[in-house]
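Only heavy atoms go into these numbers, but all of them, side chains included; no hydrogens, no water, no symmetry mates. Note that the structure is predicted; figures quoted are calculated from it, not measured.
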2 protein chains.
Amino acid sequence: MNLMHWRLLVAVADHGSITAAAGHVGMTQSAASQAMAGMEATLGAQLFTREPRKTLPTALGLSVIEQARVMLGALQAIRSTVDEARPMLRGTIRIASFPMVLATFLTPFLQRFRQLYPGIDVTTLDVTDNEVLTLLEADLIDLGVVLNPKPERQATILGRDCWMAVLPTNHPLAQRPADASVSLEELFEQAFVLATGGCSANARSLGAAVGLTLRDIRVEVREWSSAFSLVREGVGVTLVPEMALPVERQGLRVMPLTAPRYREFALVGSPNRPPSAAAAALLKMLAER
Amino acid sequence: MNLMHWRLLVAVADHGSITAAAGHVGMTQSAASQAMAGMEATLGAQLFTREPRKTLPTALGLSVIEQARVMLGALQAIRSTVDEARPMLRGTIRIASFPMVLATFLTPFLQRFRQLYPGIDVTTLDVTDNEVLTLLEADLIDLGVVLNPKPERQATILGRDCWMAVLPTNHPLAQRPADASVSLEELFEQAFVLATGGCSANARSLGAAVGLTLRDIRVEVREWSSAFSLVREGVGVTLVPEMALPVERQGLRVMPLTAPRYREFALVGSPNRPPSAAAAALLKMLAER
DNA sequence: AATAATTACGATGCACGTAAGAATG
DNA sequence: CATTCTTACGTGCATCGTAATTATT
């Protein structure tokens, strides 16, 4: 009982003749006759009455045909689905992002994506946030991770994290109760260790956005981890994304901001051309996550 | 791409493993692996990603599986339909009716029925209306045609026809305009040819039902055709069912009754036992006609 | 080592086509 | 006599199973 046989069954019903149906599905009269006989034998019931000039469905045949159409419809739907998905089957996506984000958000997501779209090669570049913009502008990558995307740019949010104040345990502000917070204004008055994580979005830019400036920058470092050492040594306080916090926080007091500030990571496509089918699939999956 | 393969596809999705799915549908690992590879090759797209411990559907695979379930559902529906229809596949129905009805209503209907239920033998007996009742009562037949069934008896209407007055062309009442009618009262006053057609429902019983009696019965015959000859010869007028009218109406004036009277034919089952599956199928088909 | 998938290969069987036969109008 | 379905028979492809291979944990 092959699938072709169900097509044949419906064709016989539509044409009122095995011969005509056979021609329609590309079989011999003989093959069609045998196939129909075989189906009836398998089901153990007569589906058509053979009269000299025409073969018409029995009552049971009519029911069966109706459901056979459903079956064939589903089969056709499968074929359409596959054909429509064909552009997304193969392809390449180059994604640029900056350190931390790659490991924290992108990697687990891409693992799932690669599982769902095994034909699409996804390569990632680990650069700075400014370089992402350059690469996007030059169309050297398909997608890039940007921080705090402008609303006019269509961007898909990948995740966000919260800026946290980090102080030496013995710092006066660190003596507040367990669930206390610290305001950006207070923080900016302190001796400060400015860490950038290689990003242009850092404590300084965060302050600038609300008209605050750091009063007393003692050191400026690129690596977040360096900043934590300096804070432990009592050089100053610092402000870092939650994601960058170390597991070992001995000697550090981590406090939320009174008015929480976030940085959002989003994936954006090239500003110059629409995303490829592969990239579109990735963005769609991200949006539906 | 066999139907079993679609079952396999769904089973793989459900079990997350080709091996487990193979066992579930009764195949070897090898056969299953080959089958899946074959399906993917035929569709020209990868449906699963093979990882060492599990094989999970790709995005396309998920869509395909969804529709494959529809397909298999339809297939299962077909199997159920056939199984449920099995009692109606074979059987015997004996139907008793009386002349005219058999030819006019029953035969074309039974022709269609035999086409739709070729496994059911339908035999017909041609008897009088009284005999039908006797046969039904004695459970010697499955179905019988009765005239004007009592409402309390569950009966399926086969058809009806209209009582018509038949007069000699030169009869005084026959001189009325083309679309004129004649009342039962007028008719019963005339010299009358009483025809019965072998039925107990005839002009006399029709009159008795409304308190009229035939004033002047000149002849009483069994065959309708005999009555028409007598009317042509001017022996009297008669009242016959429309169905019984001859094609050749030379010398006859056929007029409707002023208050039309009908006789209804209906199929009823035995009053003692429920109808067989086969008989039920016939009654259902008649009711849905 | 254990589990899972793929590959190789031989065998079975099913479905097809050619061709002849039967039935019906 | 033409049309349609069925039967007979031989062939070929598809699919299956056994068993060996690969790959991963």
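- The residue A:Q34 sits close to a base: some heavy atom pair falls under 4.0 Å.
- In this structure, A:A11 and A:A21 approach most closely via the heavy-atom pair C-CB, 3.5 Å.
- When heavy atoms are screened at a 4.0 angstrom cut-off, B:M4 is found touching no nucleic acid atom at all.
- With C:dA5, C:dC16, C:dT18 as the candidates, the nucleotide lying closest to the side chain of B:T55 is C:dA5.
- Comparing D:dT24, C:dC16, C:dT6 by their nearest atom to the side chain of A:H5 picks out C:dC16.
- Within the 4.5 Å cutoff, the side chain of A:F265 has no heavy atoms near those of the A:T104 side chain.
- Both A:R53 and A:S33 lie near DNA chain D, and the one whose nearest nucleotide falls closer to the 5' end is A:R53.
- Within 4.0 Å of A:T28, counting heavy atoms only, lies at least one base atom of the nucleic acid.
- Within 6.0 Å of CD in B:E51 there are more than 12 heavy atoms belonging to other residues, nucleotides or ligands.
- Within a 6.0 Å sphere centred on CD of A:Q46, heavy atoms belonging to other residues, nucleotides or ligands number more than 12.
- At the heavy-atom level, A:M36 lies nowhere under 4.0 Å from the strands shown.
- Of all nucleotides listed (D:dT6, D:dG17, C:dC16), D:dT6 comes nearest to the side chain of A:I18.
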